[in-house]
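Reviewing the structure listed below.
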Amino acid sequence: MYNFELVKPSSVADAVSALQGEDAQALGGGQTLLPTMKARLAQMETLVSLSHIDEIKGVCTDDQGRLCVGGGTTHAAAAEALSGYPALASLAARIGDPAVRARGTIGGSLANDDPSACWPAGALGSGATIVAVGSGGSREIAADDFFQGMFTTALDEGEIITEVKFPVPEKAAYEKFLQPASRFPLVAAFVAKFSDGVRVAITGASQDGVFRWTEAEQALSSNFSADAVTGLAAPDGSGMISDLHGSGDYRAHLVRVMTARAVTAAS
Amino acid sequence: MKVTMTVNGKERSAETEGRTLLSEYLREGLRLTGTHVGCDTSQCGACLVHVDGQPAKACTVLAQDCEGAEVTTIEGMANADGSLSRIQQAFQDHHGLQCGFCTPGMVMAAAALLKDNPQPTEADVRHYLEGNICRCTGYHNIVKSVLAASGQSVEPVAAE
Ligand SMILES: Cc1cc2nc3c(=O)[nH]c(=O)nc-3n(C[C@H](O)[C@H](O)[C@H](O)COP(=O)(O)OP(=O)(O)OC[C@H]3O[C@@H](n4cnc5c(N)ncnc54)[C@H](O)[C@@H]3O)c2cc1C
Ligand code: FES
Ligand code: FES
């Protein structure tokens, strides 16, 4: 790993100003960034550790009833505090392994936007709002606008995720088809039924990263049953990730299977 | 930069760079070589220690981020009189190790599990140990050891 200077601000304001420096990057739980740096795929002068900022940790409820998860909340802490949204708690509780969950954070996962990550599916499937703070102040980004292709988000340089606001659906479930070597999903589906419609977010499948499977959303909005999904054609496999773990067509098949399972689990 | 933390109940210090990993701090700075580095890529769990009571892969934590933290390593697991702790003894009794390379991480993971879940099921143990890889044992005797350390009968654990 190339060397760098580690700074440890204790407030969002100090973190944002430390990130304005040339060649500075945020460090969340380090569960993705540190392995990347060891492989010398990332290099910076200054690493700004976010793990000492108490104001971005924890879960609360806002006046619209949304569950607001601080950007520095670990997967393990979120799993414990999200009892008001069991499908999301269960998503957090199944990320990686206990040591990864004790350090990795929701903000790091969303900012990284790995095409197989779990939180992006939870955020997109819930229609969450991501709060980002940078030198220009704070702004809210809808999950529908946040994810812009694998490893690409709407975050500007130097912006940090301070909070993620989740509306709580009537029913929801996350079904993860485990890739046991990496412990990431091979393909996973997050299904959430709200009073005004159903959202279906798929991770691990598309070369464009997490996406909404709109055909399934329409079918489920009029008939919330697994049959409504199994009656659909699987999405086109040509735009799906194809690697030694599975072809694009196999992943497309799994999209339908995991969505149907999520509907059954949510019913 | 000098970094100080409480390791196995004692205040310890060593010099670090920004990039110094907790695993390097423990092994090279403090000469506590019981924390093993198997993969150095966050996959195997051989380096698992406890930081402020939580499990952490020491190869994926920066030493400077742990300034002032309470860290427990395998060297802190034995009883005060030097005899093996209940978990360590169970690994010996039930052949929970062969080469022993993964064992420090396995014992630390088991201790973290039993702290939160003193009577885990076999499935709980297998699920909790997903981040700890063993090339030798095939896991059955590790699972048996952890269940035995929790005071449960290990007869029903299949030796498939
Ligand atoms: C063995 C293993 C198994 C895993 N399994 C899974 C899995 O099943 N599912 C899954 O989803 N993930 C999995 N992960 C990844 C894990 O969830 C990471 O914690 C997560 O992807 C990154 O979060 P972090 O806090 O560790 O971020 P870091 O690694 O510290 O940072 C990642 C990126 O995000 C940026 N960043 C960090 N925090 C913020 C913030 N608050 N605001 C803006 N930018 C920020 C950093 O600059 C960096 O670019 C696994 C990791 C490992 C090592
Ligand atoms: S050496 Fe740290 S996880 Fe393998
Ligand atoms: S005993 Fe050899 S790796 Fe586990």
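Only this structure's heavy atoms are used, side chains among them; waters, hydrogens and symmetry mates stay out.
- Between chain A and the residues B/A112, B/G131, B/G45, the most heavy-atom pairs under 4.5 angstrom are made by B/G131.
- If you tally non-hydrogen atom pairs under 4.5 Å between each of B/E130, B/M1, B/H127 and chain A, the highest count goes to B/E130.
- In this structure A/R183 satisfies the salt bridge (Lys or Arg N to Asp or Glu O under 4.0 Å) test together with A/D97, sequence neighbours excluded.
- Annotation for B/Q119: atom CD counts as buried by contact number, over 12 foreign heavy atoms lying within 6.0 Å.
- Contacts of A/A181 with chain B are made by backbone atoms alone, with heavy-atom separations under 4.5 Å and no side-chain atom involved.
- Contact count against chain B (heavy-atom pairs under 4.5 Å) is highest for A/R103 among A/R101, A/R94, A/R103, A/M37.
- With values rounded to the nearest 0.5 angstrom, A/M1 atom CE is found 7.0 Å from B/E24 atom CD.
- Against chain A, the residues from residues 50-79 of chain B that qualify, each with a non-hydrogen atom under 4.5 angstrom away, are B/V51, B/Q54, B/P55, B/A56, B/K57, B/C59, B/T60, B/V61, B/L62, B/Q64, B/D65, B/E67 in number order.
- Proximity to chain B is limited to the side chain of A/L27, based on heavy atoms less than 4.5 angstrom apart.
- Within 6.0 Å of atom CD in A/Q20, more than 12 heavy atoms from other residues, nucleotides or ligands are found, so the atom counts as buried in its surroundings.
- Proximity to chain B (any heavy atom under 4.5 Å) is shown, for A/E5, by neither the backbone nor the side chain.
- Looking at B/D40, both its backbone and its side chain come within 4.5 Å of chain A, counting heavy atoms on both sides.
- Each of A/G29, A/P35, A/A39 has some count of heavy-atom pairs under 4.5 Å with chain B, and the biggest count is that of A/P35.
- Atom CD of A/E45 has 12 or fewer neighbouring heavy atoms from other residues, nucleotides or ligands inside a 6.0 Å radius.
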